[in-house]
Amino acid sequence: MSVHDVAIIGSGPAGLTAALYAARANLQPLVIEGLESGGQLMMTTLVENFPGYRDGIMGPELMAEMRAQAERFGADVKQTQVTAIDLSTKPFVLKTPDAEYRSKTVIIATGASARLLGLPSERTLMGHGVSTCATCDGYFFRGQEIAVVGGGDSAMEEAIFLTKFASKVTLVHRRDTLRASKIMQDKARANPKIAWMLNHAVEEIRDSGGGEVTSVVLRHVTTNEKTDVAVSGVFVAIGHTPNTSLFRGQLEMNANGYLVTHDGTRTSVPGVFACGDVQDEVYRQAVTAAGTGCMAALDAERYLED
């Protein structure tokens, strides 16, 4: 069985940037796409904050361009997923449903998945009024009324950030108390643009029939009374789950399950590197993911040289 120099798990901005740099270094990287080919940007419509696209670019189009660029320089992209991995042996062993691969280095770019409410309308309207990223999509809601769902620090941060654009932000939380730190609660409560709907759960996200959010139906958790709140956007801020279950027991993780990296993108196992949202629970942007993808490829190249 042939042994690859670099195997990359994941095909979002981090994975494909790593593939581009590794390919240009003549390392002929193997890229295993994973279940969500292209990552979270495949659920995004217009991306206006990725450098180089003055008028913006559609998320799926951006990912297609990044993949084609990596393939142009020799990256071998496989449309499958890693089901098991052994990092205790050299070369490392990666198993997919129909094949087994060996590689001297592994770059992990499996990302993190936003936790969702589980509503059918949520998936349908994702990227069309429903979002999980305020810094990505807040700009599209200038002068409009929107809702933020969540009760932690992330929800407070997103609500406060969105008041820069929206005329009103309704914060929805299913409990009567918030999980957010006191300082974040105080900042949010001091903002006159933020309205509060505590003890309420999202029952339904309504649209115009043309793929645009028109309102959100909220249900009081004790009385079951329903309230229809007119909004043009819903931001779900109930956290993210890093896609790291494959590496549990093999790599060091923090308390939230994110891979811990040292000196750039190095993990606790020499020869294994991590980039993008799988090791970043702070920024979670396409451009920062791409940046760490570049770092991981350079770190892997230097590891191979040494």
Side-chain angles (χ1 to χ4, degrees), residues 40 42-46 59 112-241 256 281 284:
Q40 294 186 62
M42 297 300 287
M43 296 191 299
T44 305
T45 50
L46 189 64
S113 299
R115 296 178 193 143
L116 300 176
L117 301 170
L119 304 172
S121 53
E122 185 180 35
R123 283 285 185 185
T124 304
L125 294 167
M126 186 64 66
H128 298 275
V130 176
S131 174
T132 58
C133 180
T135 52
C136 306
D137 300 324
Y139 185 78
F140 299 117
F141 295 90
R142 297 184 302 277
Q144 301 176 47
E145 296 188 9
I146 58 177
V148 172
V149 185
D153 280 352
S154 294
M156 301 303 114
E157 290 172 4
E158 299 234 327
I160 293 167
F161 175 81
L162 289 166
T163 59
K164 297 178 180 180
F165 309 102
S167 58
K168 178 182 178 182
V169 176
T170 298
L171 198 143
V172 182
H173 185 48
R174 62 173 60 247
R175 298 179 179 87
D176 59 354
T177 57
L178 300 168
R179 293 180 290 103
S181 59
K182 186 177 184 302
I183 188 169
M184 290 305 301
Q185 291 189 46
D186 290 344
K187 284 182 179 181
R189 291 189 183 280
N191 195 310
K193 282 190 174 184
I194 298 178
W196 301 84
M197 290 292 283
L198 302 182
N199 274 329
H200 282 81
V202 178
E203 188 84 358
E204 183 185 356
I205 301 172
R206 290 180 172 167
D207 73 294
S208 61
E212 293 181 350
V213 172
T214 55
S215 70
V216 60
V217 179
L218 306 178
R219 176 181 55 82
H220 195 282
V221 295
T222 55
T223 67
N224 285 324
E225 181 182 354
K226 295 183 180 180
T227 305
D228 196 326
V229 180
V231 295
S232 53
V234 177
F235 287 80
V236 182
I238 56 177
H240 288 73
T241 301
N256 294 325
E281 57 182 318
R284 295 198 299 265

Where do [X] and [Y] come nearest, in terms of heavy atoms and distance?
X: S215; Y: A230; answer: CB-CA, 3.9 Å
X: A147; Y: V231; answer: N-CG1, 4.0 Å
X: I146; Y: S232; answer: CG2-OG, 4.4 Å
X: L218; Y: H200; answer: CB-CD2, 4.0 Å
X: A112; Y: H240; answer: CB-CB, 4.3 Å

Under the rule for ring-ring contact (aromatic ring centres under 6.0 Å, His included), what residues qualify as partners of H173, not counting sequence neighbours?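 So H173 forms no ring-ring contact (aromatic ring centres under 6.0 Å, His included) with any residue.
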Please collect all side chain to side chain donor-acceptor pair (under 3.5 Å) contacts where either partner lies in residues 132-142, sequence neighbours excluded, each pair once.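 The answer is S131-D137, T135-Q285.
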Who passes side-chain contact (heavy atoms from CB on, under 4.5 Å) against S208, sequence neighbours left out? E212, T214
Partners passing side-chain contact (heavy atoms from CB on, under 4.5 Å) against N256 (at least two apart in sequence or in another chain): N254, Y258, E281
Residues in salt bridge (Lys or Arg N to Asp or Glu O under 4.0 Å) with D228, at least two apart? R206
With sequence neighbours left out, what residues match R219 under salt bridge (Lys or Arg N to Asp or Glu O under 4.0 Å)? E203
L198/L178 under side-chain contact (heavy atoms from CB on, under 4.5 Å): CA gap, chis, key distance, verdict: CA-CA 9 Å; L198 302 182; L178 300 168; 3.8 Å; yes
Working for side-chain contact (heavy atoms from CB on, under 4.5 Å), residues R115 and T241: CA-CA 7 Å; R115 296 178 193 143; T241 301; 3.0 Å; yes
Quick one: disulfide bond (SG atoms under 2.5 Å apart) pairs with a partner in [range], sequence neighbours left out?
range: residues 139-179; value: none
range: residues 116-178; value: C133-C136
range: residues 145-195; value: none

Going by the rule side chain to side chain donor-acceptor pair (under 3.5 Å), which residues pair with D153 if we only count those two or more places apart in sequence or in a different chain? S181
Under the 3.5 angstrom rule, does the side chain of N199 hit a backbone N or O of H220 as a donor-acceptor pair?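 No: the side chain of N199 does not pair with the backbone of H220.
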Enumerate, atom names and distances included, each donor-acceptor pair closer than 3.5 Å involving a side-chain atom of residues 155-168, sequence neighbours excluded.
from : atom 1 : to   : atom 2 : distance (Å)
E158 : OE1    : A134 : N      : 3.4
E158 : OE2    : A134 : N      : 3.4
T163 : OG1    : I160 : O      : 2.5
T163 : OG1    : N191 : ND2    : 3.2
S167 : OG     : Q144 : O      : 3.3

Go through the steps for H128 and D207 under the test side-chain contact (heavy atoms from CB on, under 4.5 Å), then give the verdict. CA-CA 9 Å; H128 298 275; D207 73 294; over 6 Å; no
Qualifying salt bridge (charged side-chain N to carboxylate O under 4.0 Å, His left out) pairs, either residue in residues 179-196, two or more places apart: K182-D186
If we only count heavy atoms from C-beta on, is the L116 to M126 side-chain gap below 4.5 Å?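 Side-chain contact under 4.5 Å: yes.
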Using a 4.5 Å cut-off on heavy atoms from C-beta on, say whether the side chain of V216 contacts that of V172.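 Contact flag for V172/V216 side chains = no.
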Using 0.5 Å steps for rounding, measure from the CD1 atom of I205 to the CG atom of L125. 6.5 Å
